[in-house]
Amino acid sequence: MSPSLLAAPLLDPTTINRIVDALVEQGWFADSEVLDPGLCQQLYAEICHLADHDGLEAAGIGRGTHHHLRKDIRGDAIHWLDRESQAQRIYLASMAELQESLNQALFLGLFEYEAHFAHYPPGAFYQRHLDSFRGRANRVISTVGYLNPDWPADGGGEMVIYHPEATDQEVARVVPQAGTFACFLSETIPHEVLPTRRPRTSIAGWFRRNASLGGVLDPAN
């Protein structure tokens, strides 16, 4: 890890304020050149190493006993972040800063953050969906940090964000270029990943409330 990366600032206050304002005004935020380029490079190298050495597992839908593999719905492979590298720790520290700011500004009561690498091979996609069922409210705000350098115009793999009420109305397409960061309300913002034409890498994450039941904490995964 280079000394310049160790000294790099995390999400700056101006960006955090823009994120807060966008979540209040429209329920989502997306912009390029948010994440540190050196950090993205390190994380990209890490997920590529995992992909090359069978360190990823097929992603499913649902949780717990309702978890199923459905390649017709989503085709990515994942690896949960566990702070095993310095790059992961830096990324998670930036999300902790964002969590604190969101709680202070919006009184959301966010309890923890979970995240995983996501690797989409060519042809893979993720159909339109919500990240949390209405009323469950364990996942409150979703995040996506993109890692691919020099994403081509014809690479596909964009994340499409839809209007929360007119769910057929597309409001944004997010190109999966390194440094781009997006976040949105998990319960209300439908989104999908279009078929990718080249390997696509990102970090998907969720700020969660404690959805405990009978005094037992809802586990992160």
Are [X] and [Y] connected in the hydrophobic side-chain network, where two residues link if heavy atoms are under 4.5 Å apart?
{"X": "Val24", "Y": "Val140", "result": "yes"}
{"X": "Ile16", "Y": "Trp28", "result": "yes"}
{"X": "Phe29", "Y": "Leu108", "result": "yes"}
{"X": "Leu92", "Y": "Ile19", "result": "yes"}
{"X": "Ile189", "Y": "Leu194", "result": "no"}

Which atom pairs, one a donor and one an acceptor, fall under 3.5 Å between side chains of residues 149-160 and the rest of the protein, sequence neighbours left out?
from: Trp151; atom 1: NE1; to: Gly156; atom 2: O; distance (Å): 3.0

- Query: Around Gln104, counting heavy atoms of other residues, nucleotides and ligands shown, do more than 12 lie under 6.0 Å from its CD?
  - Reply: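 Enclosed: over 12 neighbouring heavy atoms sit under 6.0 Å from CD of Gln104.
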- Task: Verify the neighbour count for atom CD of Glu33: are there more than 12 heavy atoms of other residues, nucleotides or ligands below 6.0 Å?
- Result: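 It does not: Glu33 CD has 12 such atoms or fewer within range.
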- All pairs passing ring-ring contact (aromatic ring centres under 6.0 Å, His included) where residues 160-206 contributes a residue, at least two apart: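 Listed once each, the pairs are His116-Trp206, His129-His191, Phe184-His191.
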- Donor-acceptor pair, side chain of His49 and main chain of Ala45, under 3.5 angstrom: no
- Under 3.5 Å, is there a donor-acceptor pair between the side chain of Thr196 and the main chain of Arg198?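 Side chain of Thr196 to backbone of Arg198: a pair is present.
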- Any side-chain donor paired with an acceptor under 3.5 Å for Asn17 and Thr14? no
- Message: Distance alone, cut at 3.5 Å: any donor-acceptor contact between the side chains of Thr201 and Tyr120?
- Response: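 Tyr120 and Thr201 do not have a side-chain donor-acceptor pair below 3.5 Å.
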- Task: Determine which pairs satisfy salt bridge (charged side-chain N to carboxylate O under 4.0 Å, His left out) with at least one residue from residues 39-55, sequence neighbours left out, and list them in order.
- Result: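 Listed by first then second residue: nothing to list.
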- Not counting sequence neighbours, list each pair that qualifies as a salt bridge (charged side-chain N to carboxylate O under 4.0 Å, His left out) and has a residue in residues 75-98. Arg74-Asp76
- Task: State whether Phe111 and Arg209 meet the cation-pi test: NZ (Lys) or CZ (Arg) under 6.0 Å from the six-membered ring centroid, and within 45° of the perpendicular axis.
- Result: no
- Do His79 and Phe117 pass the side chain to side chain contact (heavy atoms under 4.5 Å, CB included) test, and can you show the C-alpha distance, the side-chain angles, and the key distance before you say yes or no? CA-CA 5 Å; His79 177 84; Phe117 286 117; 4.2 Å; yes
Mind checking whether [X] and [Y] have side chains closer than 4.5 Å, heavy atoms only?
{"X": "Val20", "Y": "Leu106", "result": "yes"}
{"X": "Leu98", "Y": "Phe207", "result": "yes"}
{"X": "Ser186", "Y": "Leu130", "result": "no"}
{"X": "Glu192", "Y": "Phe125", "result": "no"}
{"X": "Leu35", "Y": "Tyr91", "result": "yes"}
{"X": "Tyr44", "Y": "Gln42", "result": "no"}
{"X": "Leu23", "Y": "Cys183", "result": "yes"}
{"X": "Arg200", "Y": "Pro176", "result": "yes"}

Report the distance from atom [atom1] of [X] to atom [atom2] of [Y], rounding to the nearest 0.5 Å.
{"X": "Ile141", "Y": "Ser132", "atom1": "CD1", "atom2": "OG", "value": "12.0 Å"}
{"X": "Ser94", "Y": "Asp12", "atom1": "OG", "atom2": "CG", "value": "11.5 Å"}
{"X": "Gln88", "Y": "Leu43", "atom1": "CD", "atom2": "CG", "value": "7.0 Å"}
{"X": "Ser101", "Y": "Leu110", "atom1": "OG", "atom2": "CG", "value": "11.0 Å"}
{"X": "Gln99", "Y": "Tyr113", "atom1": "CD", "atom2": "OH", "value": "10.0 Å"}
{"X": "Leu185", "Y": "Arg139", "atom1": "CG", "atom2": "CZ", "value": "15.0 Å"}

Looking only at non-hydrogen atoms, find the nearest pair between [X] and [Y] and report the distance.
{"X": "Asn103", "Y": "Gly109", "value": "OD1-N, 3.0 Å"}
{"X": "Ala30", "Y": "Val174", "value": "CB-CG2, 3.8 Å"}
{"X": "Thr167", "Y": "Pro190", "value": "CG2-CG, 3.9 Å"}
{"X": "Ile47", "Y": "Ala118", "value": "CD1-O, 3.5 Å"}
{"X": "Thr188", "Y": "Pro164", "value": "O-CB, 3.2 Å"}

- Report the residues that fulfil salt bridge (charged side-chain N to carboxylate O under 4.0 Å, His left out) with Arg128, sequence neighbours left out, ordered by chain and then residue number. Asp168
- Task: Mind checking side-chain hydrogen bond (donor to acceptor under 3.5 Å, both in side chains) for Arg173 and listing every partner two or more places apart, or none if nothing turns up?
- Result: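 So Arg173 forms a side-chain hydrogen bond (donor to acceptor under 3.5 Å, both in side chains) with Glu170.
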- Task: With side chain to side chain contact (heavy atoms under 4.5 Å, CB included) as the test, would you mind laying out the steps for Asp31 and Thr180 before giving the verdict?
- Result: CA-CA 6 Å; Asp31 202 0; Thr180 297; over 6 Å; no
